[in-house]
Amino acid sequence: MSEARARRVGIMGGTFDPIHYGHLVAAEEAREAFRLDKIIFVPAGTPPHKVERQVTPARHRYLMTLLAIMGNPGFEASRVDLDRGRVTYTVDTLQDLRKGLPDTDMYFITGADAILEILSWKAPKEVLSLAEFIAVTRPGYGLDQLATALGPLYEPFQDRIHILEMPPMGISSTDLRRRLAEGRSIRYLLPEAVATYIQREGLYGTNDQGHLP
């Protein structure tokens with residue numbers, strides 16, 4: 001009788017300001033390709049790389065995430081970063097999630113561009129020890145530079161970094177915020193429930209007196 005495999009959980013962190021179909025498609029592709037039992041979406045509390053930009057309040061980003069993933073039993077959301085109350089790093093996220101996920105293989109899903117900057121992260125060796133990484137390819141980024149980017153960490157951890165190739169979708173939260181501020185259409189770029197929430201709450205330059213483009 002073959003030994004049962006360990007449970008596999010994908011972790012998808014992000015500011016999700018707002019969450020969109022690019023995030024959801026990448027998560028579903030990772031879930032299927034790596035046979036993950038579920039994906040946990042983790043909206044960032046105070047991301048260190050965005051302290052100079054005003055980020056939409058946490059409660060809105062969390063509720064938009066919940067609205068976006070409802071209906072998919074393989075997706076759930078966590079407030080682990082939002083409730084920490086300080087600048088949050090990936091190592092903090094993984095340490096806290098590990099406490100509630102014993103005997104589980106964690107897979108951190110991120111963009112290929114982020115992997116190439118991993119040496120600038122807090123405690124990169126511990127991060128790579130806590131979870132395997134799924135690097136989603138994006139237009140303009142190649143992972144042929146991975147060995148150089150990781151330096152001395154490449155050889156001991158190369159088997160814990162996996163590539164997920166996806167066709168480019170051309171959707172970004174930055175572009176969505178710009179479109180909303182300019183009154184342009186966001187139709188088909190994010191779930192309708194999220195678009196309705198944005199309108200109702202007057203986020204990104206919209207207001208509940210008008211209509212969402």
Side-chain angles (χ1 to χ4, degrees), residues 7-50 53 55-101 104-115 121 127 130-138 162 164 166 169 171-177 186 189-198 201 203-204:
R7 191 162 178 258
R8 296 182 176 185
V9 171
I11 312 299
M12 189 157 197
T15 313
F16 302 138
D17 193 16
I19 191 168
H20 54 69
Y21 281 131
H23 298 124
L24 301 173
V25 170
E28 183 67 7
E29 286 288 310
R31 189 188 66 80
E32 184 175 63
F34 293 90
R35 295 186 301 144
L36 305 178
D37 295 291
K38 69 176 177 179
I39 304 287
I40 301 176
F41 287 75
V42 185
T46 306
H49 59 294
K50 295 185 179 178
R53 176 176 79 76
V55 176
T56 302
R59 68 181 181 89
H60 291 307
R61 293 184 290 107
Y62 179 69
L63 289 172
M64 286 190 288
T65 300
L66 288 178
L67 289 169
I69 66 176
M70 65 179 183
N72 187 332
F75 288 174
E76 67 179 58
S78 170
R79 291 187 55 92
V80 64
D81 282 355
L82 301 179
D83 293 339
R84 194 173 291 110
R86 57 177 170 80
V87 172
T88 285
Y89 298 89
T90 300
V91 67
D92 301 320
T93 304
L94 296 177
Q95 285 174 341
D96 286 352
L97 289 174
R98 168 55 67 198
K99 297 172 185 175
L101 296 171
T104 300
D105 293 334
M106 296 195 303
Y107 289 75
F108 190 81
I109 305 164
T110 189
D113 53 324
I115 289 287
W121 296 16
V127 166
L130 285 164
E132 298 192 37
F133 271 62
I134 297 174
V136 181
T137 59
R138 294 181 179 180
H162 314 281
L164 177 61
M166 285 184 53
M169 294 190 67
I171 307 174
S172 74
S173 296
T174 299
D175 182 55
L176 286 173
R177 292 193 301 271
I186 58 168
L189 299 177
L190 44 67
E192 186 176 348
V194 176
T196 299
Y197 181 89
I198 289 171
E201 298 296 326
L203 304 178
Y204 311 118

Do [X] and [Y] have side chains that get closer than 4.5 Å, going by heavy atoms?
| X | Y | answer |
| --- | --- | --- |
| V91 | L130 | yes |
| L97 | Q95 | no |
| F75 | M70 | no |
| L94 | V127 | yes |
| L190 | I19 | no |
| S173 | T15 | no |
| I11 | V42 | yes |
| M64 | F16 | no |

Of all heavy-atom pairs between [X] and [Y], which one has the smallest distance, and what is that distance?
| X | Y | result |
| --- | --- | --- |
| A77 | I69 | N-CD1, 3.6 Å |
| I40 | S78 | CG2-CB, 3.6 Å |
| A112 | A135 | CA-CB, 4.2 Å |
| A27 | M12 | CB-SD, 3.6 Å |
| L82 | A44 | CD2-O, 3.2 Å |
| I171 | G22 | CD1-N, 4.2 Å |

Roughly how far, to the nearest 0.5 Å, is the [atom2] atom of [Y] from the [atom1] atom of [X]?
| X | Y | atom1 | atom2 | value |
| --- | --- | --- | --- | --- |
| L203 | L176 | CG | CG | 12.5 Å |
| R7 | M106 | CZ | CE | 12.0 Å |
| L36 | E28 | CG | CD | 10.0 Å |
| L66 | R79 | CG | CZ | 9.0 Å |
| I134 | E29 | CD1 | CD | 11.0 Å |
| W121 | T90 | CH2 | OG1 | 4.5 Å |

Flag the pair D96 and R84 as a salt bridge only when some basic side-chain nitrogen lies within less than 4.0 angstrom of an acidic carboxylate oxygen.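 Yes, D96 and R84 are salt-bridged.
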Which of parallel (below 30°), tilted (30 to 60°) and perpendicular (above 60°) describes F133 and F108?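 Because their plane-to-plane angle lies in the 30° to 60° range, the rings of F133 and F108 count as tilted.
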Please evaluate residues T137 and L164 with respect to the criterion side chain to side chain contact (heavy atoms under 4.5 Å, CB included), reporting the C-alpha separation (whole Å), side-chain torsions for both, the decisive distance (0.1 Å), and the verdict. CA-CA 6 Å; T137 59; L164 177 61; over 6 Å; no
Tell me whether the guanidinium CZ or amine NZ of R8 lies under 6.0 angstrom from the six-membered ring centre of F34 and within 45° of its axis. no
Please walk me through it: do R31 and D37 pass side chain to side chain contact (heavy atoms under 4.5 Å, CB included)? CA-CA 7 Å; R31 189 188 66 80; D37 295 291; over 6 Å; no
Under 6.0 Å from the CD atom of E76, do we count more than 12 heavy atoms belonging to anything else shown?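 Yes.
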Indicate whether the side chain of T56 and that of D17 have a donor and an acceptor atom separated by less than 3.5 Å.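 Yes, a side-chain donor-acceptor pair sits under 3.5 Å.
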Decide whether Y197 and H60 meet the rule of one side-chain donor and one side-chain acceptor closer than 3.5 Å.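 Yes - a donor-acceptor pair under 3.5 Å links their side chains.
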